[in-house]
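First comes the structure, then the notes that go with it.
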Amino acid sequence: MLKKHQLELLSPARDVSIAKEAILHGADAVYIGGPGFGARHNASNSVADIAQLVEFARLFHAKVFVTLNTILHDDELEPARRLIHELYDAGVDALIVQDMGVLELDIPPIELHASTQCDIRRLEKAQFLSQAGFSQIVLARELNLQEIKAIADSVDAAVEFFIHGALCVAFSGQCNISHAQTGRSANRGDCSQACRLPYTLKDDAGRVVAYDKHLLSMKDNNQSANLRDLVDAGVRSFKIEGRYKDVSYVKNITAHYRQLLDEILNERPELARASSGYTEHFFAPNPDKTFHRGSTDYFITDRKIDIGAFDSPKFVGLPVGELIGVGKQELTVQTDTPLSNGDGLNVLVKRDVVGWRVNTVQLLCEFDLPPEEHENDDGQPKHVWQYRVTPNEMPPELNKLRLPTVLNRNLDHNWQQALLKPSAERRVLVNWDIQSTQQALNVTVTSEEGIRVSATLNGPFDPANNAEKSLQQLQDTFAQLGNTIYHADQINVEGDAWFIPGSQVKALRRELIEVLTAERVNAHPRGFRKAVSEPAPVYPDTQLSFLDNVYNEKARAFYQRFGVQLIEAAFEAHEETGDVPVMITKHCLRFSFNLCPKQAKGVTGVITKVKDMQLVHGDEVLTLKFDCKPCEMHVVGKIKPHIFNSALPGSLASGVSIYEPDNLIASSRD
């Protein structure tokens with residue numbers, strides 16, 4: 001379990017190769033999907049591959065968490081149980097779970113973390129989960145600093161919080177719109193992302209408030225400026241979203257937060273990183289250069305009006321200048337940064353992002369803008385470049401533009417190429433203590449964790465012809481660790497100089513490093529299943545609705561064991577026939593369009609009574625209801641008849657289950 005003084009950078013991994021890069025770039029832990037039940041349909045990995053990742057992670061005392069955070073049908077309980085045993089045997093440090101039925105299964109004593117899908121935004125629920133066997137809990141992204149601190153101060157589980165990446169508009173675990181409309185359940189890792197579609201917003205009289213905008217699409221989370229406050233609030237695991245993201249994203253964002261957290265650790269000697277080694281990056285991390293929809297720190301400090309990415313859910317990138325001319329085969333642009341062949345550029349044409357890949361750029365001229373036109377922050381004139389750009393394919397939409405228009409770059413070719421090469425190196429610090437006598441060379445190597453191994457090279461040795469040179473060669477030999485994961489921090493040599501064959505010294509060094517590595521791997525702290533507190537906790541509610549995602553008999557038994565009396569089945573059980581909240585969100589469209597009664601309070605002539613609104617996408621009409629006391633918006637709809645009448649997801653009867661139990665176990669052994 002994560003200790004109170006440790007800070008953990010937790011990075012995502014779609015596959016094992018990306019996970020290894022995350023560790024090399026500074027992650028203290030990675031989370032990855034196994035062969036099934038991992039809440040990301042297309043991000044699965046075999047148990048054999050995960051075992052290889054565990055072996056690699058141990059070198060740095062980094063941890064491997066496997067996501068098993070879907071809700072399970074009864075038919076999936078036994079395959080899930082068997083898979084958990086295989087993951088434990090593979091050395092996995094912890095499971096991230098949503099379904100409480102997992103805690104009722106006969107599973108090994110593996111450490112359990114409560115997924116963000118558990119919707120942990122109430123103090124009472126966080127306390128219960130901490131007392132019911134969870135070592136780490138992922139708090140809801142919608143919480144503010146005061147709410148996070150209140151929870152962290154009241155639980156003994158480690159507090160984990162998302163600091164970067166895509167934001168689900170709904171409270172995690174409180175979104176059923178995908179299953180209602182398409183039969184693809186977000187609670188089972190197959191979200192259709194209805195939140196990224198364009199909608200028209202209408203008021204209660206049918207008047208259009210916003211037309212054809214991505215009204216449920218959020219900007220991306222970025223807590224770079226709030227890390228110190230989050231540490232002070234009690235967050236100890238800093239989680240990056242992105243198990244679908246490519247290796248460049250994971251390298252860049254991991255490196256960015258590694259550097260920021262290292263700054264905090266240097267300022268706060270009472271804190272320590274949760275793994276071993278230091279990382280050197282061979283590029284300048286920049287979160288603006290990999291996929292994002294704009295940045296927001298969401299609700300961490302206060303409710304803000306600009307959290308939505310309403311214009312486009314695509315990656316626009318950074319503004320680099322202007323498009324000033326459109327020809328038949330080429331474009332003329334003026335930029336404040338140099339461009340390169342292979343760059344990705346785009347402009348906004350109405351609400352659409354129109355982009356192209358640069359085939360060639362030809363510099364036409366460069367000059368300084370007069371100070372009265374544009375100055376840099378230092379008061380100096382701004383330097384600009386004019387280029388003739390030949391796209392690999394000319395977008396016809398560019399002929400509709402009124403020029404000049406803002407030009408963005410969402411792919412910096414040279415920067416991206418740097419990320420495709422080896423872009424970081426991680427080393428574990430060691431100290432050498434060497435005692436040199438005529439009868440023996442005694443050497444001890446100590447790792448930064450305090451693990452120590454020793455060996456002796458027996459003499460007798462002849463006196464060295466050049467004492468100074470001999471001692472220097474001895475130091476140099478033990479400093480040469482380039483082909484290992486180690487770096488010599490200190491080398492202390494005591495004694496006189498003797499002639500010792502270099503080949504024997506190098507062999508001794510190799511032997512010590514091999515033994516040290518084995519000892520360090522063996523010393524990796526293995527997680528364990530946290531015991532339920534005594535007396536046993538009582539769940540804070542006596543009744544559960546379909547929103548609590550109880551989908552199997554074991555989950556039902558869990559809640560009953562802790563005092564819940566009435567339990568409705570999860571939405572995926574197809575027992576909800578009428579209109580229900582298919583999404584609950586802290587995001588409020590009334591607030592976004594200045595129609596919130598709290599915004600209008602005291603303003604003469606403004607109607608402050610809250611009425612329903614509608615979201616329209618094609619033939620789909622959703623009702624918006626507003627619960628103003630907790631500042632929440634409910635998106636109301638119903639499950640479509642053909643989905644309601646289909647076999648339950650995950651059941652053997654469905655025949656199209658994401659995870660068919662027999663195949664799952666077979667694939668996990670491949």
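Note that these values count all heavy atoms, side chains included, but never hydrogens, waters or copies made by symmetry. By convention here, the first residue in the shown sequence is residue 1.
Formation of a donor-acceptor pair under 3.5 Å by the N410 side chain with backbone atoms of F291 is not found in this model. Of the possible donor and acceptor atoms, none in the side chain of R509 sits under 3.5 Å from a partner among the backbone N and O of F478. Here the side chain of N414 pairs no donor or acceptor atom with the backbone of S340 at under 3.5 angstrom. With W415 contributing its side chain and A284 its backbone, the two residues share a donor-acceptor pair below 3.5 Å. Between the side chain of S130 and the main chain of A157, a donor-acceptor pair closer than 3.5 Å is present. Listed for the D343 side chain is a donor-acceptor partner under 3.5 Å among the backbone atoms of H413. Remark: the backbone N or O of E263 is not paired with any side-chain donor or acceptor of R268 at under 3.5 angstrom. In this structure, the side chain of E241 engages the main chain of A166 through a donor-acceptor pair within 3.5 Å. Using a distance-only test at 3.5 Å, with no hydrogens or angles considered, a donor-acceptor pair links the side chain of R303 to the main chain of C631. For the pair E160 (side chain) and Q136 (backbone), a donor-acceptor distance under 3.5 Å is absent.
Atoms CE and NZ, on M218 and K586 in that order, are 13.5 Å from each other to the nearest 0.5 Å. The NE2 atom of H214 sits 8.0 Å away from the NZ atom of K314 when rounded to the nearest 0.5 Å. Atom-to-atom distance recorded for C118:SG and F128:CZ is 10.5 Å, nearest 0.5 angstrom. Atom CD1 of I120 sits about 8.0 Å away from atom OG of S115, to the nearest 0.5 Å. Atom CG of L7 sits about 14.5 Å away from atom OH of Y257, to the nearest 0.5 Å. For the atom pair NZ (K63) and OG (S237), the distance works out to 9.5 Å, reported to the nearest 0.5 Å.
Residues N69 and Y31 are not in side-chain contact: their nearest non-hydrogen atoms beyond the backbone lie 4.5 Å or more apart. For the pair L261 and R273, the minimum side-chain heavy-atom distance is 4.5 Å or more. Between I253 and P287 there is a side-chain heavy-atom pair separated by less than 4.5 Å. Using a 4.5 Å heavy-atom cutoff, the side chains of W385 and V320 are not in contact. For the pair V30/I18, no side-chain contact is recorded, criterion being any heavy-atom separation below 4.5 Å from C-beta on. When side chains are defined from C-beta on, R122 counts as touching P540, because their heavy atoms get closer than 4.5 Å. Using a 4.5 Å heavy-atom threshold, the side chains of V445 and V515 count as separate. Between S454 and N442, the closest side-chain pair of non-hydrogen atoms is not below 4.5 Å.
With a 6.0 Å radius and a threshold of 12 heavy atoms from other residues, nucleotides or ligands, K4 has its NZ atom above the threshold. In the displayed structure, E55 atom CD is contacted under 6.0 Å by at most 12 heavy atoms of other residues, nucleotides or ligands. Around the CZ atom of F528, the shell of radius 6.0 Å holds no more than 12 heavy atoms that belong to other residues, nucleotides or ligands. Within a 6.0 Å radius of CD in Q146, other residues, nucleotides and ligands contribute more than 12 heavy atoms. Crowding of N266 atom CG: a count of heavy atoms from other residues, nucleotides or ligands under 6.0 Å exceeding 12.
Between the side chains of D93 and H524, at least one donor N or O sits under 3.5 Å from an acceptor N or O. When only modelled atom types and interatomic distance are considered, R141 and S172 share a side-chain donor-acceptor pair under 3.5 Å. For the residue pair R243 and T67, a side-chain donor N or O sits within less than 3.5 Å of a side-chain acceptor on the partner. A donor-acceptor pair shorter than 3.5 Å cannot be found between the side chains of T446 and N431. Checking N492 against E494 by side-chain atom types alone, no donor-acceptor pair falls below 3.5 Å. Under 3.5 Å, the side chains of D15 and N45 contain no donor-acceptor pair of N or O atoms. Donor-acceptor pairing under 3.5 Å is recorded for the side chains of D368 and H383. Side-chain contact annotation: T517 with Y486, donor-acceptor N/O pair under 3.5 Å present. When only modelled atom types and interatomic distance are considered, N222 and S224 share a side-chain donor-acceptor pair under 3.5 Å.
R121 and E147 are not joined by a salt bridge, as no carboxylate oxygen comes within less than 4.0 angstrom of a charged side-chain nitrogen. A salt bridge does not link R452 with D433: none of the charged nitrogens is closer than 4.0 Å to a carboxylate oxygen. Salt bridge R228/D232: absent, no basic N to carboxylate O contact under 4.0 Å.
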Worked verdict on L145 versus K149 for side-chain contact (heavy atoms from CB on, under 4.5 Å): CA-CA 6 Å; L145 286 167; K149 189 176 190 312; over 6 Å; no
Test side-chain contact (heavy atoms from CB on, under 4.5 Å) applied to E21 and T254, step by step: CA-CA 9 Å; E21 290 295 342; T254 299; over 6 Å; no
Apply side-chain contact (heavy atoms from CB on, under 4.5 Å) to K530 and L112, showing your working. CA-CA 8 Å; K530 186 181 175 187; L112 298 179; over 6 Å; no
Can you list the steps and then say if D311 with V316 is a side-chain contact (heavy atoms from CB on, under 4.5 Å)? CA-CA 10 Å; D311 290 327; V316 176; over 6 Å; no
For F315 and H292, run ring-ring contact (aromatic ring centres under 6.0 Å, His included): C-alpha distance rounded to whole Å, both residues' side-chain angles, the deciding distance at 0.1 Å, then the answer. CA-CA 5 Å; F315 176 38; H292 65 92; 5.1 Å; yes
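When every heavy atom of L24 is checked against every heavy atom of T279, the shortest pair comes out as O-CG2, 3.1 Å. In terms of heavy atoms, V453 sits closest to L512 at CG2-O, 3.7 Å. Taking all atoms of both residues into account, the shortest heavy-atom contact from G91 to R58 is O-NH2, 2.6 Å. When all heavy atoms of E142 and V169 are compared, the pair lying nearest together is OE2-O, 4.5 Å. When every heavy atom of A94 is checked against every heavy atom of H113, the shortest pair comes out as CB-NE2, 3.6 Å. Of all heavy-atom pairs between L95 and L87, the closest is CD2-CD1, 3.9 Å.
Just one residue in the list L227, L139, V159 forms a side chain to side chain contact (heavy atoms under 4.5 Å, CB included) with V235, and that residue is V159. Checking each of Q259, R426, H256, R258 against H281 for a side chain to side chain donor-acceptor pair (under 3.5 Å) leaves exactly one that passes, namely Q259.
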Name the atoms and distances for all side-chain donor-acceptor pairs under 3.5 Å in residues 418-425, with sequence neighbours left out.
from : atom 1 : to   : atom 2 : distance (Å)
S423 : OG     : H25  : NE2    : 2.7
S423 : OG     : K251 : NZ     : 3.2
E425 : OE1    : R427 : NE     : 3.3
E425 : OE2    : R427 : NH2    : 3.3

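Ring-plane geometry between H487 and Y278 is classed as perpendicular, the angle between the planes exceeding 60 degrees on a 0 to 90 degree scale with a lower cut at 30.
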